[in-house]
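Counting starts at 1 for both ligands and their atoms, following the listed order.
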Amino acid sequence: MKIINVETYLFRSSRNYLLVKIETDDGIVGWGDATLNGREMVVQILVDNYLKDLLVGTDASKINEIWQMIYVGTYWRGGPIMMTALAGVDMALWDIKGKYAEMPLVDLIGGRFREKVEVYSHVHGRNADELVESVKRKKAEGFQNLRYSFDSRDHHSDMIFTQPHQDIVQGHFEKSSIESLADFWDSRVYAQDLIRITDRLRKEFGMTLGLIHDVHGRLSLSAAKEVCRELEKMHLMFIEDPIDSKKTNGLEEIRNTSTTPIGIGELFNSIDECRALISKHHIDYLRIDISHFGGITPSLRAAALSDVFDVKMAFHGPSDISPVAHAACYHIDSSISNFGIQEYVDFEQEVKDVFKMPYTYDNGFVTINNTPGLGVEIDENQLMECDEYMKSYLPILRDMMSAIHNW
Ligand code: KDG
Ligand code: MG
């Protein structure tokens, strides 16, 4: 089962995606997702100019060995660019293995632990009333778990701080300067609004609705401690990234002062970045992104390590990684014992025209079918019809106290 070709496809189908396609000499084709929102071209260069040379001629069945050879062998290991490229390759190799074995990934990695995977969707409102209406609509679609976001208004200055809709904002396409990317933000106004709006949601919908809020690393440690303490009685499923997830030394303090569950992980690129958080149980949910963590191989290790320390998995599932990555998550979610929840996106029709999904959503749950491999069929004719890649930049938030935050 020798690799005879590695190709990348960078295109735009409602937003940008980068796919890796690997072909073997026995005619099997595997697909992986290597999309890194805002830096796609760099990942493509890495796959095309460095990884392809290493892969062609290698036995595609040796996934663990190939993974380590690339990861360790690069010497300058890790980081989002490298780990996204490696993820694209890794997913394609698992896809090949499943197709060769005529088994879906879920069976290759231990079989079904559950038939259907519980998911959460996103709701946004410009204010509390609008948010309540959005929740009602999503509940009517069957969702029992929702991540909520809202805009904040400073009543003194009348400034509105838009909390970005992280699922749909792709970034700024036109850029005149780095300053043009920055939106203003006031963490104090936001923190107060978060407490008030969460309380309103609980009053409207009771305690059984699963509520998740993504702070996106925008709070200082002391503000995050206060917010987590205040939210304790509102029983969130979890608060995501309450502080900058690259500076997690403060998490212990949050843990010691509140019982609000914490989910972190979308910015992690390797197990080295989360080993201590898991083993010290500073987080309740590990939210790694399969496309930025090096793919299926290391995600299975992270899930197993989390299981040992009683941390649950809640894979990152935004629309800026393709359905190939989402399918890989659903396979893993279906097979592991420490599954927590999965972030769900209903892709636009134009995306569904390119990617034939192996999974279906019904009443708050997703079921992955038995198509071999990852199970996503790529319609290459449709892919060729897609728009060209369009460079974009993620926004920046500039706090009134002049700190720069994640958007
Ligand atoms: O590209 C950035 C998005 O993937 C991220 O902002 C989405 O935070 C996110 C989430 O939890 O889905
Ligand atoms: Mg997030």
Side-chain angles (χ1 to χ4, degrees), residues 12 14-18 33-43 80-81 83-84 87 119-124 138 143 145-150 162-173 181 183 185 190 194 210-219 224 236-248 251 261-269 273-274 277 283-293 312-326 329 333 340-347 351 389-397 404-407:
R12 185 172 164 73
S14 82
R15 60 186 310 152
N16 295 319
Y17 293 113
L18 176 63
D33 179 67
T35 312
L36 180 63
N37 193 8
R39 293 294 182 273
E40 299 84 354
M41 287 192 286
V42 194
V43 180
I81 311 284
M83 299 312 277
T84 305
V119 296
Y120 71 85
S121 184
H122 301 175
V123 277
H124 183 87
K138 283 288 177 177
F143 290 100
N145 306 287
L146 294 168
R147 185 199 78 182
Y148 60 102
S149 57
F150 48 84
T162 301
Q163 188 174 132
H165 311 218
Q166 289 130 8
D167 52 335
I168 54 170
V169 172
Q170 154 116 314
H172 294 313
F173 289 104
L181 300 177
D183 290 326
W185 180 254
Y190 158 68
L194 174 57
L211 285 179
I212 295 160
H213 181 73
D214 189 352
V215 175
H216 228 227
R218 285 181 285 245
L219 289 175
L236 294 192
M237 175 176 270
F238 61 83
I239 190 162
E240 182 179 349
D241 292 347
I243 52 172
D244 185 335
S245 63
K246 291 284 183 182
K247 299 176 186 160
T248 47
L251 270 183
I262 296 173
I264 285 195
E266 66 189 46
L267 290 183
F268 296 156
N269 306 118
E273 291 175 70
C274 45
L277 294 182
I283 54 173
D284 299 274
Y285 292 87
L286 182 64
R287 279 190 48 64
I288 52 176
D289 183 309
I290 199 158
S291 293
H292 309 328
F293 197 77
K312 294 203 185 308
M313 296 302 293
F315 276 100
H316 189 221
S319 58
D320 55 61
I321 52 174
S322 83
V324 175
H326 283 253
C329 291
D333 294 337
I341 190 96
Q342 173 66 49
E343 184 176 20
Y344 172 79
V345 174
D346 187 13
F347 286 94
V351 181
Y389 170 74
M390 197 191 281
K391 191 161 67 165
S392 76
Y393 294 86
L394 288 169
I396 298 166
L397 287 185
I404 308 286
H405 291 292
N406 288 344
W407 53 288

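Checked against the 6.0 Å centroid threshold, Phe143 and His122 do not count as a close aromatic pair. In summary, the aromatic rings of Phe347 and His326 are positioned with their centroids under 6.0 Å apart.
As for Asp214, its N/O/S atom nearest the Mg ion (ligand 2) is the one called OD2. Distances from the Mg ion (ligand 2) to the N/O/S atoms of Glu240 are shortest for OE2.
Close approach of ligand 1 to Glu240 (heavy-atom distance below 4.0 Å) involves ligand atoms 11 (O). Listed by atom number, the atoms of ligand 1 under 4.0 Å from Asp214 heavy atoms are 8 (O), 9 (C), 10 (C), 11 (O). Within ligand 1, counting atoms from 1 as listed, the ones closer than 4.0 Å to a heavy atom of Arg287 are 10 (C), 11 (O). Every atom of ligand 1 with a heavy atom of Glu266 under 4.0 Å away is listed here by number and element: 5 (C), 8 (O), 9 (C), 10 (C), 11 (O). Close approach of ligand 1 to Asn37 (heavy-atom distance below 4.0 Å) involves ligand atoms 1 (O). Atoms of ligand 1 found under 4.0 Å from any heavy atom of Pro318 (numbered from 1 in listed order, with element): 4 (O), 12 (O). Close contacts of ligand 1 with Glu343, meaning ligand atoms under 4.0 Å from a residue heavy atom, involve 10 (C), 11 (O), 12 (O).
In terms of heavy-atom proximity, Val215 sits nearest to Asp241 at CB-O, 3.4 Å. Contact between Ile290 and Ala87 at its shortest, heavy atoms only, is O-CB, 3.6 Å. Shown here for Ser245 and Leu267, the closest heavy-atom pair between the two residues is OG-CD1, 3.6 Å. Nearest heavy-atom pair across Pro261 and Leu236 is CD-O, 3.6 Å. Between Leu146 and Tyr120 the shortest heavy-atom distance is N-CB, 4.2 Å.
Between His122 and ligand 1, no pair of N/O atoms sits closer than 3.5 Å. Residue-to-ligand polar distances keep Tyr120 apart from ligand 1: every N/O pair is separated by 3.5 Å or more.
Looking at Asp33, its side chain does come within 3.5 Å of a backbone N or O of Ser322 through a donor-acceptor pair.
In summary, an N, O or S atom of Glu266 is located under 2.8 Å from the Mg ion (ligand 2).
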